[in-house]
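Values below: all heavy atoms of this structure, side chains included; hydrogens, waters and symmetry mates excluded. In the text below, chain A, chain B and the rest are named by the order of the sequence lines, each starting its count at 1.
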Amino acid sequence: MATKAKAEKAATGEDGGSRRDFLILATSAVGATGAALAAWPLVDSMNPSADVLALSATEVDISPIEVGQAITIQWRGKPVFIRHRTADEIARAENTKLDELPDPQTDQDRVEKPQWLVLVGVCTHLGCIPLGQKVGEPRGDWGGWFCPCHGSHYDLSGRIRKGPAPKNLSVPPYTFLDDTMLRIG
Amino acid sequence: MKMHRFLFVAAFAAAMAAGLLFGNFGSAKASGDLAFEHQEWTFNGIFGRFDRAALRRGHQVYQEVCSSCHGLSLVAYRNLMDIDFSEEEAKEIAAENEVEDGPNNEGEMFTRPAKLSDRFVAPFPNEQAARYSNNGAYPPDLSLMVKARKGGADYLYGVLTGYEDEAPEGVEMMDGMYFNHSFPGHQIAMPQPIYEDSVEYEDGTPATVAQMSKDVTTFLAWTAEPELEERKSLGIKVLIFVLLLTALLYAVKRRIWSKLH
Amino acid sequence: MLSPEKGIGKWIEDRLPVFSIARHSLIDYPTPRNLNYWWNFGSLAGITLVIMIVTGIVLAMQYTPHVDMAFNSVERIMRDVNYGWLLRYLHMNGGTMFFIVVYIHIFRGLYYGSYKAPREILWWLGIVILLLMMATAFMGYVLPWGQMSFWGTTVITNMFSAVPLVGEDIVTWLWGGFTVGNATLNRFFSLHYLLPFVIVGVVLMHIWALHTVKSNNPLGIDMKGPQDSIPFHPYYTVKDNFGLGVFFFVYLTIVFFFPNFFGEPDNYIPANPMATPPHIVPEWYFLPFYAILRAVPDKLGGVIAMFASILILFVLPWLDRARVRSARFRPIYKQFFWLFLVDCFVLGWVGANPPEGMFVTIGQVATIYYFAHFLILLPLLGMFEKTRPLPESIAASVTSAAVTSSKG
């Protein structure tokens, strides 16, 4: 690019008619466009490839999960928490006042069906996996999840309540194919 | 100036000649004694495209005839959607096959129906099993067959249509070998795979040996070069652009040099 | 734009004179005013090297150097990686274009006597680049792990077993095992990634030497003053850019429409250590040397002859003692130059064919002629050839040519 710009200067310095100006300018512009377009395949090759994208949706059978239980599955290489919430848990999540929340969001906005809570199990602070999925693990002061890395507490809707994490646990895109099959992604 | 231009053209002519010379002699010698003819393929030429109907029929021939012995391990079921199979059709084709997955939570391997993201399921678990079932011969994977043989699609079509009922007089056939006038050495371990009406085409096309051979060859040309259509259509655009840029550069060059002479 | 006279530009220039170096070597560099298009191939080779490194780096991000996965990882690049097929075909055919460009560059040097004093070290560095390119290309061809990759490596590495006493040990060491295997593939990948950067280093020295002794030219006479030269920029930058456009047209035609023209179908069959393909041929750019290897009926002798055919170029400046550089003024050398070029094509043709029948004889005659050209013909020509009178200066020659062409 630098040499092209100088080519213009050098050319106009001498008997520089405007036609030459335009010719050199046009050629430089076309050349620069070509170089920019040629860079795209190099950049795009580093995006997820077709075989990786083909695995970007996961189907999971949720019928074996009893009320009160949770399972962890892998989706795009990350853990996804699926919790079958009890009526009491749903009530507690729904009755939380929004002004108590650092990242205000209603429980209804975070679920498709109230009994099924689906979350990406990655702490929004620095990417650790919070505890609380297995029986006996600490579930934090709000009965949801607790991140052991820096002490973030999440509630029964996966919302941040205390600790350094700035945001609620994110909800992946998902749809219920039928009553027992869940498609994530 | 004239001299310059002449030399320039000569330089590239020499470069291309070098390539043609070495390249052609390389390929001429190996296919020398084989009898197969050049066919018309819709995917040849700079505007080449795969005939979608032929691909569909070719896939049917592969499924019903070839796939009992030959794998297609580099192709995934999702790739069928690139040649205008619907998602439902591709899913259905995939689900007809079982793949091993696991381990599950109990540590056991299990089988499940294949998904779009799976590659075509191979007919044999490994080469030894394939040889055991085929009289010691190994039916090769067909994914790259068209690219992996001199003559490409023409050769493959030649082999599929090149069987003779009886070897010509004076040719001593080995046990379990079949005469084929397009196969190197003329003795092939694969029995003639395609006969009149080996499949019943969904679109009603008469299933002659020539038709089925042509269709399955087209299908395998696609599995070998799935990028062909994208490559050729992008190539035309890129070359037009380069031609334009080169013409502009030539004009700039003439102008800048004009005051020297 | 940054300027070296003021502001940040001056601050940088005072500490690291990048501006004056760039100005000195890319803009002001006094270049003979009469260079023809054969002089484009030096810069083309440089650009090709950059293309190879850039495409190679992104391909390496997707490639797996393991015997069980290498072949499929290349096919994954072709099928699943975004524009992977384009990057791979650019890299694969870029190798071919690199050799075409460099061979033309070398023969230009031979024709116009660019190896003669004071350009001997410039010439040597060029040969070092060629040797490094050959090593890099050979190891790169192994990476797809097809049949030709495997058996080509086996055959070429086995050449070292011709070394007396320690030959077998050297081959085992090269392989890191008892056959070509995973260790071999890994070390070749490592070196294939490393050597291009070594080439960049030698290329910089090549340019340094060039800018010290200045470019040769079609007349082969020295520049005597400012009237003989023009600044590199804009004259040769624009001429090189135009040449680059033509180069890209040829290169991209191959990439998009004949991507496997220079390749071997056998390399689309995964490597099989238990079955050798019927005809093993190296890549086209090695064929002349392959022919020399096979022309000598002795194993060690063949290997020596093959290496000697390149190494002899190192002493070329002393084998050719003629004081006149350019073949334009050497009527007899000019004819032998073309004969030598034809001889190299014949060697390439022999190398592409199986060593049977007439090819054996032709290969041997062509090999003898190859060495005779350097060892007998050139020294004799230096002694007995009557050269034509050289023009007074480049400027004088250019002016008279302009007069002639305006007449015609």
Chain A contact via B:Ala251 - which portion, at a heavy-atom distance below 4.5 Å: both
Nearest non-hydrogen partners of B:Leu245 and A:Thr27, listed with the distance: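 Answer, listing the atom of B:Leu245 first, then A:Thr27: CD1-O, 3.9 Å.
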Might you confirm whether atom [atom1] of [X] has over 12 heavy atoms from other residues, nucleotides or ligands at distances under 6.0 Å?
X	atom1	result
A:Gln69	CD	yes
A:Met46	CE	no
A:Lys167	NZ	no

Chain B contact via A:Ala50 - which portion, at a heavy-atom distance below 4.5 Å: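 For A:Ala50, backbone and side chain are both near chain B.
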State the [atom1]-[atom2] distance between [X] and [Y], to the nearest 0.5 angstrom.
X	Y	atom1	atom2	value
A:Leu53	B:Arg78	CG	CZ	8.5 Å
A:Leu55	B:Asp118	CG	CG	8.5 Å
B:Lys115	A:Thr58	NZ	OG1	7.0 Å

